[in-house]
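Below is one structure, written out as structure tokens; the observations come after it.
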Amino acid sequence: MDIKFYNSLSNSVELFKPLHEGKVSMYVCGPTVYNYPHIGNMRPVVVFDTLRRFLTYVGYDVTYVSNFTDVDDKIINESIKENKTEKELTEFYIDQFKKTSAEIGSLLPNVTPKVTEYIKAIITYIQKLVELEAAYVVDGDVYFRVSKIQDYGSLSGININDLLVGARVEENIKKESPLDFALWKRTSIGVNWDSPWGKGRPGWHTECCVMIDTIFPDHFIDIHGGGYDLKFPHHENEIAQAEAMHHNKIARYWLHNAFINFGNEKMSKSVGNVILAKDLIEKYGGPTCRLVILNTHYRQPVNFTDETISAATQEVNKMTSAYRQIALQLQINNVDINQGKPEYIEKFLLAMADDLNTANALAELYVTIKDANQNLRNKEINLQKLTNLFKTLTDMFYILGLNITYKKLSDDDKLLYKKYLSTKADKQFDVSDKLRSILMEKEIL
RNA sequence: GGUUCCUUAGCCAAGUUGGUAAGGCAAUUGACUGCAACUCAAUGAGCAUCGGUUCAAAUCCGGUAGGAACCUCCA
């Protein structure tokens, strides 16, 4: 199957060819952990988890790495505010992030490195950059020398001269050029480490490079993902460091997800319209929140509104209901529930392979649901067909990360259901209604 | 100011190697039904606007209007 991705490096859709046959290496920039994740943080978590599930399903051996930034000014400030150590603070929010990610249906990446575990490697990496004259030391700080890199700005299409003219470039007289960025910051406040340049802590842009360098032996990976806003400067700076170190752009394919808006306005900490993911998930459920995200292509903005949420709620109910009814029929008839061959999955996978077109993939899921409902209405039930549809739905739910479940029936459950049917047939509605509510409580109906 | 992008039915949304618009939600009508829920069927747009290229454009080119993001910590 041909898989295509929109590569931000070329601004075009490209055929995916992994570096090693049958294997995929991918890295996604993770969060800075100083607060509960907001719903916007969940977009890359959902998008790249779905990508990983899809690649795994079609047979790739995927190594998925996503980091936690647990060293940062904001963390230091927040821990002072909360009167905790940085470690206490970050450990708590890392757990929260993992919990929320799981609730929205995302699997844990294979590796989730933290900056604090990589300080030694980061120092070594920076030392090498200094030796290569791609970095310079000023007064305990280390800066990257952007002028060393020929095509700096190639990812975001930013012209260096425009940047230099722009009024918003910070002034820092220590730096040779305003474009140069900090690799190591001298500091006495907050957590810090000894280094050849004195006490300090690493800058943000180096950690991803070092983690990729350490975890992936090629020093080059297939897919690098992250939010659109990370393109500049973060990813540009990652590329600059890798160019200096290895003469490569770190990753073959650069994928960027768009944002989640609320009421057509970007959610951001400075605007103050941040909605915490855990609150939304608690209110509407993980699958519904995930479906709102997957309903739109990952490069388009998603707008969370009452209407989009309620549409997704309806759909999740529809999927759940059909799935449970099939499971019920198969189990009542003592059919092996896992014996089916998937139908409709071909077109589903083709949509996914087309730059992760989840909207079109979902259309195939709805076709499957409709087929299932039509079959369930038939007086004579085709068990083989239902088994196939069950397998289809199971696989699609898996790939999309929609945590929709069915109840495994005990013998008692089966008896209960049969009794429900027989009392209903005998028009003992007071009895059958009670049985029905029990069955619904047990999530069998 | 620079860069990138968007505008498709009430709402969400897919669709660019050009050939007469997927899907979902809501709505209306009908079917099923002891009741409830669920479910099934049928019904709607010529693609912001103006102009160009073409046998043919939502899809290519140009103008106009409106909107967004990045250039500053942010997914």
Side-chain angles (χ1 to χ4, degrees), chain A residues 8 11 13 28-32 34-35 37-48 66 69 72-74 77 153 156-170 179 204 225-234 236 256-261 264-271 274 277 291-292 294-315 317-318 320-322 324-325 347 351 354 357-367 369-378 424-425 427-430 432-433 436-437 440 445:
Chain A
S8 296
N11 281 325
V13 176
V28 174
C29 293
T32 302
Y34 65 102
N35 203 338
H38 61 258
I39 189 65
N41 288 312
M42 289 298 112
R43 186 127 195 223
V45 169
V46 167
V47 165
F48 293 106
S66 189
T69 301
D72 182 271
D73 281 342
K74 292 178 297 253
N77 292 338
S156 45
I158 277 171
N159 181 308
I160 292 182
N161 293 326
D162 293 339
L163 269 186
L164 291 173
V165 170
R168 291 166 116 177
V169 173
E170 63 178 305
L179 291 175
W204 175 38
Y228 212 79
D229 58 337
L230 295 183
K231 250 176 143 179
F232 186 90
H234 183 55
E236 208 70 76
H256 291 98
N257 63 272
F259 292 92
I260 291 176
N261 298 326
N264 253 330
E265 199 173 40
K266 182 192 169 185
M267 213 172 12
S268 74
K269 284 157 196 167
S270 47
V271 178
V274 172
L291 191 62
V292 173
L294 292 178
N295 190 40
T296 303
H297 187 91
Y298 75 91
R299 286 190 282 112
Q300 298 294 335
V302 166
N303 206 1
F304 264 71
T305 64
D306 289 344
E307 273 182 309
T308 55
I309 292 171
S310 105
T313 304
Q314 289 305 318
E315 274 316 308
N317 288 342
K318 204 167 168 177
T320 308
S321 150
R324 287 194 180 152
Q325 282 185 65
K347 281 179 80 177
D354 180 18
N357 194 328
T358 48
N360 279 339
L362 280 168
E364 286 309 303
L365 173 55
Y366 298 138
V367 169
I369 296 284
K370 183 164 283 190
D371 195 359
N373 280 326
Q374 285 169 342
N375 272 277
L376 286 164
R377 285 192 111 236
N378 289 342
K424 197 168 75 153
K427 304 207 175 181
Q428 299 173 27
F429 295 124
D430 50 336
S432 70
D433 282 359
R436 179 171 65 189
S437 55
M440 288 174 87
L445 275 184

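Throughout, protein chains are lettered first and strands after them, A, B, ... in sequence-line order, and every chain is numbered starting at 1.
- The residue A:His256 sits apart from the nucleic acid: no heavy atom pair falls under 4.0 Å.
- The residue A:Asp72 sits apart from the nucleic acid: no heavy atom pair falls under 4.0 Å.
- With contacts defined as side-chain heavy-atom distances shorter than 4.5 Å, the pair A:Leu362/A:Leu291 qualifies.
- Nucleotides B:G24 and B:U8 have their C1' atoms positioned 15 Å apart, rounded to a whole Å.
- Here A:Glu364 lies out of heavy-atom contact (under 4.0 Å) with every strand.
- Among the heavy atoms of the strands lying under 4.0 Å from A:Asn373 are primed sugar atoms or P, OP1, OP2 only; no base atom is included.
- Within 4.0 Å (heavy atoms only), A:Arg299 reaches no atom of the nucleic acid at all.
- The side chain of A:Asn295 contributes no N or O atom lying less than 4.0 Å from OP1 or OP2 of B:G24.
- Judged by centroid separation below 5.5 Å and plane tilt below 30°, A:Tyr228 does not stack onto the base of B:A75.
- The glycosidic torsion of B:G34 lies more than 90° away from 0, which places this base in the anti conformation.
- In this structure B:C25 sits in a base pair with B:G10, meeting the Watson-Crick or G-U test at under 3.5 Å.
- A sub-4.0 Å separation between OP1 or OP2 of B:A14 and a side-chain N or O of A:Asn360 is absent.
- Summarising the base pairing, B:G18 is matched to no nucleotide, lacking a Watson-Crick or G-U wobble pair whose two defining distances lie under 3.5 Å.
- As rounded to the nearest Å, B:U28 and B:A65 have P atoms that lie 41 Å from one another.
- Base pairing of B:U33 is not made with any nucleotide, judged by Watson-Crick or G-U wobble geometry with both donor-acceptor distances under 3.5 Å.
- Residue A:Leu230 is classed as a sugar-phosphate contact, given heavy-atom separations below 4.0 Å to backbone atoms only.
- Of the possible polar contacts, one joining the A:Asn375 side chain to the A:Asp371 backbone as a donor-acceptor pair under 3.5 Å is found.
- B:G1: Watson-Crick or G-U partner is B:C71, with both key distances under 3.5 Å.
- Along RNA chain B, the nucleotide nearest to A:Ala359 and the one nearest to A:Gly227 differ in position, and the one closer to the 5' end is contacted by A:Ala359.
- Listed here is the closest heavy atom pair of A:Ala351 and A:Asn360: CB-CB, 3.7 Å.
- Taking only side-chain nitrogens and oxygens, A:Lys231 never comes nearer than 4.0 Å to OP1 or OP2 of B:C71.
- Remark: the separation of the P atoms in B:A21 and B:U59 is 14 Å, to the nearest Å.
- With B:C35, B:A26, B:A75 as the candidates, the nucleotide lying closest to the side chain of A:Asn257 is B:A75.
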